[in-house]
Amino acid sequence: QVQLVESGGGLVQAGGSLRLSCAASGTIFSINTMGWYRQAPGKQRELVATISMGGTTNYPNSVRGRFTITRDNAKNTVYLQMNSLKPEDTAIYYCNMFIKRSTLTAIQGYWGQGTQVTVSS
């Protein structure tokens with residue numbers, strides 16, 4: 001069994017910063033792409049950032065230059081540093097990982113439970 005646990009959300013004023021963390025635990029052989037997504041009330045879940053096993057990152061225009069995704073493979077953890085936050089960044093943030101649990105199993109996608117980020121104006 002694999003579990004993803006997020007932390008670091010909260011309330012911050014516009015222009016402020018937050019750092020999210022997401023740690024995977026359980027039986028893990030390897031982790032491919034890690035990522036962060038967000039969902040605001042009444043909107044669809046959208047991509048925030050991804051990072052490949054080799055460290056290649058991807059961001060949509062809405063967060064590029066303000067958010068930075070990193071990973072610590074030894075700790076099975078992904079981070080999201082969010083700077084210059086705007087009220088429109090308010091959402092529940094979810095981490096996502098594609099995990100291979102053993103040499104015999106296929107890669108599966110897993111989601112964290114979500115952490116609330118609220119940016120006040």
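- Taking Y110 as the reference, nothing meets the ring-ring contact (aromatic ring centres under 6.0 Å, His included) condition, with sequence neighbours excluded.
- Listed here is the closest heavy atom pair of L4 and Q113: O-OE1, 3.4 Å.
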May I have the list of side-chain donor-acceptor pairs in residues 8-32 shorter than 3.5 Å, sequence neighbours left out?
residue, atom, partner, partner atom, Å
S17, OG, N83, OD1, 2.9

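- When each of L47, V63, V48 is paired with W36, the side-chain contact (heavy atoms from CB on, under 4.5 Å) condition holds for V48 and for no other.
- Within the model, atoms CG of L85 and OG1 of T90 stand 8.5 Å from one another, a figure rounded to the nearest 0.5 Å.
- Heavy-atom minimum distance, M97 versus N76: CE-O, 3.7 Å.
- No donor-acceptor pair closer than 3.5 Å links the side chain of R71 to the backbone N or O of V78.
- Listed by first then second residue, pairs satisfying ring-ring contact (aromatic ring centres under 6.0 Å, His included) with a partner in residues 47-95 number zero, not counting sequence neighbours.
- The hydrophobic cluster containing V119 does not contain I92, counting ILVMFWY residues as joined when their side-chain heavy atoms lie under 4.5 angstrom apart, directly or transitively.
- The side chain to side chain donor-acceptor pair (under 3.5 Å) check on E88 picks up nothing, with sequence neighbours excluded.
- The shortest side-chain heavy-atom distance between Q108 and K100 does not fall under the 4.5 Å cut-off.
- Taken from CD1 in I99 to CZ in R101, the straight-line distance is 9.0 Å, to the nearest 0.5 Å.
- The stretch residues 26-45 participates, sequence neighbours left out, in these salt bridge (Lys or Arg N to Asp or Glu O under 4.0 Å) pairs: R38-E46, R38-D89.
- Taking each heavy atom of E6 and T115 in turn, the nearest pair found is OE1-N, 3.4 Å.
- For the atom pair CG of D72 and CE of M34, the computed distance is 8.5 Å after rounding to the nearest 0.5 Å.
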For residues 49-57, which side-chain donor-acceptor pairs fall under 3.5 Å, sequence neighbours excluded?
residue, atom, partner, partner atom, Å
S52, OG, G54, N, 3.3
S52, OG, G55, N, 3.2
S52, OG, T56, N, 2.9

